[in-house]
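These notes are about the structure you will find just below.
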There are 2 protein chains.
Amino acid sequence: MKRTIENEVGSNHSLTRQRILDAAETLFAEKGFEATSLRMITAEAGVNLAAVNYHFRSKDALIDAVIARRIQPINQERLAMLAEATDKAAGRPPELEDIVRAMIAPVLRLRQRDPGVGRRVGLLFGRTYADPNEMVRPAFFNHMREIFRPFTEALRRALPSLPPAELLWRMHFGVGVMAHTLAGCDHLQVISGGLCDLSDVEGVIERMVNFICAGMRAPLVAQPGRYLENL
Amino acid sequence: MKRTIENEVGSNHSLTRQRILDAAETLFAEKGFEATSLRMITAEAGVNLAAVNYHFRSKDALIDAVIARRIQPINQERLAMLAEATDKAAGRPPELEDIVRAMIAPVLRLRQRDPGVGRRVGLLFGRTYADPNEMVRPAFFNHMREIFRPFTEALRRALPSLPPAELLWRMHFGVGVMAHTLAGCDHLQVISGGLCDLSDVEGVIERMVNFICAGMRAPLVAQPGRYLENL
DNA sequence: GTCTATATGGGGATAGAC
DNA sequence: GTCTATCCCCATATAGAC
């Protein structure tokens, strides 16, 4: 038997493997990782139960593969947009709007090519930020580490007067806006009576960029308590 | 046997019942609803497995009871703070900061009396906003309905020039800031190297109020696409 | 109200034939 | 690579003694 890196645990391009990844993505997005069984996945994919362990070794490894397949191209596009924003600024600090848009747009624009995939990936990632599983969040944030530094550095340059701790707080708030919008898109559509949905992708991106940038630029305020001491 | 409403399905003040609620809250917050079994809960509570079904009828009903016990007093305090903000304004629109603070402060201030309970409830609620379970989110938002209208109305008065759909989007973003901060508190502490944590409760509240109010007040911007048409 | 024991079903993972 | 059959464990829920 020919042994390459690809087929040590199943070929990376096997049709069965792809069908499992697609079915798992759909079910994980719809029901969550924990509530989705391998039996549901293989039934949906139309493959044999044992195929999951052959191609992915374990459910945890399958979860990581599902996340990795989508997050990697998205993060590459984020870094490309960030590089573009940095180039555009020509030595000056990059524009805050461009940095925030570089973070947000790639994941939302998935909906333009394929709304089904876009919605699934949005739900998947939006929920992963709050997932209680011991393996899921570390796996996800492991993939996010490669973009954390470049984005932090760009934001630091765009907002030079913001103390470091305050910058991290506001980045955290901004990620919350994104995560909650991705995970809660269906719910907003319901409570708004259809007034708000994610079909106008570019409009939603600009709404989020607008909101987050305003929050990031908010003047520091002195308030009751030890607020200013902890910056 | 004396039959009152309270003891039709176990007394509401039974010690066993309380121990189950406490253990369930801890485990749900730590591992999530799906990954927590009744066996873990009864082991942690030091009670018999069958006691859960006696006191709560089912796991779903227990989940709802755990959520309800905490959300009800929090929502009462939110409404009280909102009423105070409205009174203070004396006929004029209430101050935006006061409205946002009324929404955010009660759940964060739980940490002041008891950091353990506060953290658990924060994780529980923060994650519930993104929970994939078919029963969890509806149950949670059913409890939130009683505060949705008063807060929406107050915000509409405080931001009269904001179109209705835009207000809903920004409320959604604001909730995202709160939910993600509650659910991701531990993670922010780690990635910030301890620079950011939730122990300075009032400081965190004011940071969030500051960020959200700036986002809510952001000028509308015309951007590429159909942004302004969809307001 | 609380216990033991059990009914009933589903979970992840694997062995070994093909 | 794919299948069947199975191991072993855990889930929720309930019946019925105490």
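Per chain, numbering begins at 1; letters A, B, ... match sequence-line order. Source: prediction; values computed, not measured.
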- Message: Looking at every heavy atom in both Phe211(A) and Met216(B), which two are closest together, and how far apart are they?
- Response: CE1-N, 3.7 Å
Nearest-angstrom distance from the residue atom [atom1] of [X] to [atom2] of [N]:
| X | N | atom1 | atom2 | result |
| --- | --- | --- | --- | --- |
| Lys59(A) | dG10(C) | NZ | P | 15 Å |
| Leu49(A) | dT6(D) | CG | P | 15 Å |
| Asn53(B) | dT2(C) | CG | P | 14 Å |
| Lys31(A) | dG11(C) | NZ | C1' | 16 Å |
| Asp60(A) | dG12(C) | CG | P | 11 Å |
| Leu62(A) | dG11(C) | CG | C1' | 15 Å |
| His13(A) | dG1(D) | NE2 | P | 12 Å |
| Leu38(A) | dT14(C) | CG | C1' | 13 Å |

- For Ala51(B), which contact category applies under a 4.0 Å heavy-atom criterion: base, sugar-phosphate, or nothing? nothing
Closest to the [X] side chain, choosing from [options]:
| X | options | value |
| --- | --- | --- |
| Ser58(A) | dA13(C), dT2(C), dA13(D) | dA13(C) |
| His55(B) | dA11(D), dT14(D), dT2(C) | dT2(C) |
| Ala50(A) | dG12(C), dC3(D), dA13(D) | dC3(D) |
| Tyr54(B) | dG1(C), dT2(D), dA13(D) | dG1(C) |

- In this structure, which one of Met178(B), Arg207(B), His180(B) forms a side chain to side chain contact (heavy atoms under 4.5 Å, CB included) with Phe173(A)? Arg207(B)
OP1, OP2 of [N] versus side-chain N and O of [X]: anything below 4.0 Å?
| X | N | value |
| --- | --- | --- |
| Ser37(B) | dC10(D) | no |
| Asn48(B) | dT2(C) | no |
| Thr16(B) | dT2(C) | yes |

- Pair Met144(A)-Tyr129(A), side-chain contact (heavy atoms from CB on, under 4.5 Å): steps then yes or no: CA-CA 11 Å; Met144(A) 297 301 273; Tyr129(A) 281 100; 3.5 Å; yes
- Evaluation steps, salt bridge (charged side-chain N to carboxylate O under 4.0 Å, His left out), between Glu30(B) and Arg119(B): CA-CA 10 Å; Glu30(B) 221 63 50; Arg119(B) 179 176 166 281; 3.4 Å; yes
- Is it true that Glu153(A) and Arg149(A) make a salt bridge, defined as a side-chain N closer than 4.0 Å to a carboxylate O? no
- Message: Ignoring hydrogens and geometry beyond distance, is the side chain of Arg39(A) in donor-acceptor contact with the base of dG12(C) at under 3.5 Å?
- Response: yes
